[in-house]
Amino acid sequence: MTERTIFWDYASRSISLIDQTLLPAEYRFKKCSTVEQLAEAIRRLEVRGAPALGVAGGLGIALSAAVSESTDKTGMLTGLRRDAELLKATRPTAVNLAWGIERVLKTAEGCGNPEEIKEVTLREAEAVGDEDAAMCRMIGENGAELLPDRCTVLTHCNAGALACSEWGTALGVIRSACKAGKEVSVISCETRPLNQGSRLTAFELSRDGIPVKTITDSSAAMLMRKGLIDAVIVGADRITDDAVFNKTGTYMHAVCAKHHNIPFYVAAPYSTFDPELSEADVEIELRSRDELAFCGDKMLMPDGVEALNYAFDPTPMDLITAVITEKGVFKPPFDRNEALPGRRDI
Ligand code: MRU
């Protein structure tokens, strides 16, 4: 997949994004012409995946400026800051959402008047998307070298083109390895309860002609034990000084990979690092009971039983072989890596 998954639509003055909740049955773009619509699209996971959320956040600020009726800079900035808080509150775990919002908001603060704010925020938000696309290619190239020819890679959730501007992080590594002529096949964990693996990863890889098989999340350990997995590659929502936060279930795969001596790679843009935070500082998004209790209209749990639906989990650094970024491949522990400054230094 090389088409953009989320972008500014000039004709309708709105954000256009692939509605990922409809996949794989329907591939359809939807338009968000208000910040409230975008916030709802993020909450519902119509747009999802850490880098795509960064782009969405940036475009959200540009949208806030575009629809603002304020005639003075102060009034417009007040509205932008209010919308920034609304958007940030939609999903707390991925660092990229707040990062994209703050980056674009900062450019607005340096402007002289509302017209300039509209122009500059849109330019900056589009730059976030363009840079993400370029970073994913670099991540892909850096990671492709780590994969042997004729290998089988296990991945969890969707860290593909759909989760980014295009190409993907974990799936970007796989795409780049294939492009370099390596034979790579993929085991995609279905990723309960929202099935990003079976719905999205399988969709985009099969569309690209990359061999992919879907498994239940719980059969990953057995496949590793049988020697059928050569490497695990996942994306990340936030990387603290001691852990990688990614879709719930990632930790389980990392423990199993360590046990079976299988390399466990994380592929993520450098901006995913949040080294001033530790595992305990990160809020893990707790999602609704309904996601576990129903499959469409079918009830999967008795009435009255509660659910504990954590969307992400932290994987400690000692289980991670390396983090693949656009700036290179970093091996934990990171405090020994002088080339890894705090995110503020970027
Ligand atoms: O809840 P989601 O679907 O937004 O979770 C996405 C993930 O956990 C991805 O692996 C992560 O954001 C990296 S995407 C390149």
Side-chain angles (χ1 to χ4, degrees), residues 1 5-6 17-21 23 41-57 90-100 129 132-133 135-140 143 154-175 186 188-201 203-205 217 232-239 243-254 264-274 282-288 291-292 309-315 320 323-326:
M1 279 181 73
T5 57
I6 173 166
L17 52 91
I18 297 171
D19 182 347
Q20 300 189 35
T21 60
L23 287 168
I42 295 173
R43 271 185 224 109
R44 295 193 65 241
L45 272 57
E46 288 168 7
V47 55
R48 47 145 299 280
L53 289 175
V55 180
T90 53
R91 299 199 75 191
T93 308
V95 68
N96 316 55
L97 177 60
W99 176 83
D132 180 65
M135 279 184 305
C136 284
R137 301 287 173 152
M138 294 292 293
I139 292 169
L154 181 137
T155 190
H156 189 69
C157 194
N158 173 265
L162 290 164
C164 304
S165 272
E166 55 179 64
W167 205 246
T169 56
L171 299 194
V173 170
I174 291 163
R175 283 196 167 94
V186 178
S188 166
C189 296
E190 63 171 344
T191 319
R192 281 281 296 150
L194 297 180
N195 290 67
Q196 289 92 331
S198 55
R199 290 190 306 107
L200 308 177
T201 293
F203 170 80
E204 55 171 279
L205 290 180
D217 300 328
V232 180
I233 310 182
V234 294
D237 287 85
R238 193 184 292 253
I239 305 176
V244 169
F245 286 78
N246 191 51
K247 179 55 57 195
T248 195
T250 299
Y251 175 43
M252 173 179 82
H253 297 316
F264 188 93
Y265 298 115
V266 174
Y270 196 75
S271 57
T272 314
F273 281 97
D274 204 352
V282 177
E283 180 184 349
I284 301 185
E285 180 182 358
L286 201 48
R287 293 186 62 86
S288 89
E291 290 180 352
L292 291 185
N309 183 14
Y310 281 109
F312 300 95
D313 62 23
T315 298
I320 288 159
V323 180
I324 305 161
T325 77
E326 74 280 13

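Just so you know, ligand 1 is whichever comes first in the structure, and atom 1 is the first atom listed for that ligand.
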Do Arg192 and Glu190 sit within salt-bridge range, that is, some charged N less than 4.0 Å from a carboxylate O? no
Within a distance under 4.0 Å of any heavy atom of Phe312, pick out the atoms of ligand 1 and give their elements. 1 (O), 5 (O), 8 (O)
Looking only at distances, please establish whether an N/O atom of ligand 1 is found under 3.5 Å from an N/O atom of Ala163. no
Quick one: does ligand 1 sit under 4.0 Å from the side chain of His156, the backbone, both or neither, non-hydrogen atoms only? neither
With heavy atoms of Gln196 as the reference, note each atom of ligand 1 found under 4.0 Å away. 1 (O), 2 (P), 3 (O)
Around atom 10 (O) of ligand 1, find the nearest protein heavy atom and jot down its residue, atom name and distance. Asn246 OD1, 2.6 Å
Test your reading of the structure: does Thr169 have an N or O sitting under 3.5 Å from an N or O of ligand 1? no
Under 4.0 Å from a heavy atom of Pro51: which atoms of ligand 1 are those, numbered in the order shown and with their elements? 14 (S), 15 (C)
Quick check: Asp237 and ligand 1, any N/O pair under 3.5 Å apart? yes
Tyr265 OH: over 12 foreign heavy atoms closer than 6.0 Å: yes
Would you call Glu204 and Arg175 a salt bridge, using N to O less than 4.0 angstrom? yes
Non-hydrogen atoms of Arg91 versus ligand 1: any pair closer than 4.0 Å? yes
Using non-hydrogen atoms of the residue, decide whether Ala311 is closer than 4.0 angstrom to ligand 1. no
For ligand 1, does Lys247 get within less than 4.0 Å through its side chain, its backbone, both, or neither, judged by non-hydrogen atoms? both
Has Asp313 got a side-chain atom pairing as donor or acceptor with Phe245's backbone, closer than 3.5 angstrom? no
Decide if atom CZ of Arg43 counts as having more than 12 heavy atoms of other residues, nucleotides or ligands within a radius under 6.0 Å. yes
The closest protein heavy-atom partner of atom 3 (O) of ligand 1 is Arg48 NE, 2.4 Å
Mind checking whether Ala50 contacts ligand 1 via backbone (N, CA, C, O), side chain (CB onward), both or neither, at a 4.0 Å heavy-atom cut-off? both
With heavy atoms and a 4.0 Å threshold, my read on which part of Ala170 contacts ligand 1 is neither
At a 4.0 Å cut-off, with the gap strictly under it, does some heavy atom of Ala94 reach an atom of ligand 1? no
Under 3.5 Å between any N/O of Gly49 and any N/O of ligand 1: does that happen in this structure? yes
Ligand 1 atoms in contact with Ala159 (distance to a heavy atom under 4.0 Å): 14 (S), 15 (C)
Can you name the nearest heavy-atom pair linking Ala267 to Ala170, along with the distance? CB-N, 3.7 Å
Quick one: do Arg137 and Glu326 make a salt bridge, cutoff under 4.0 Å? no
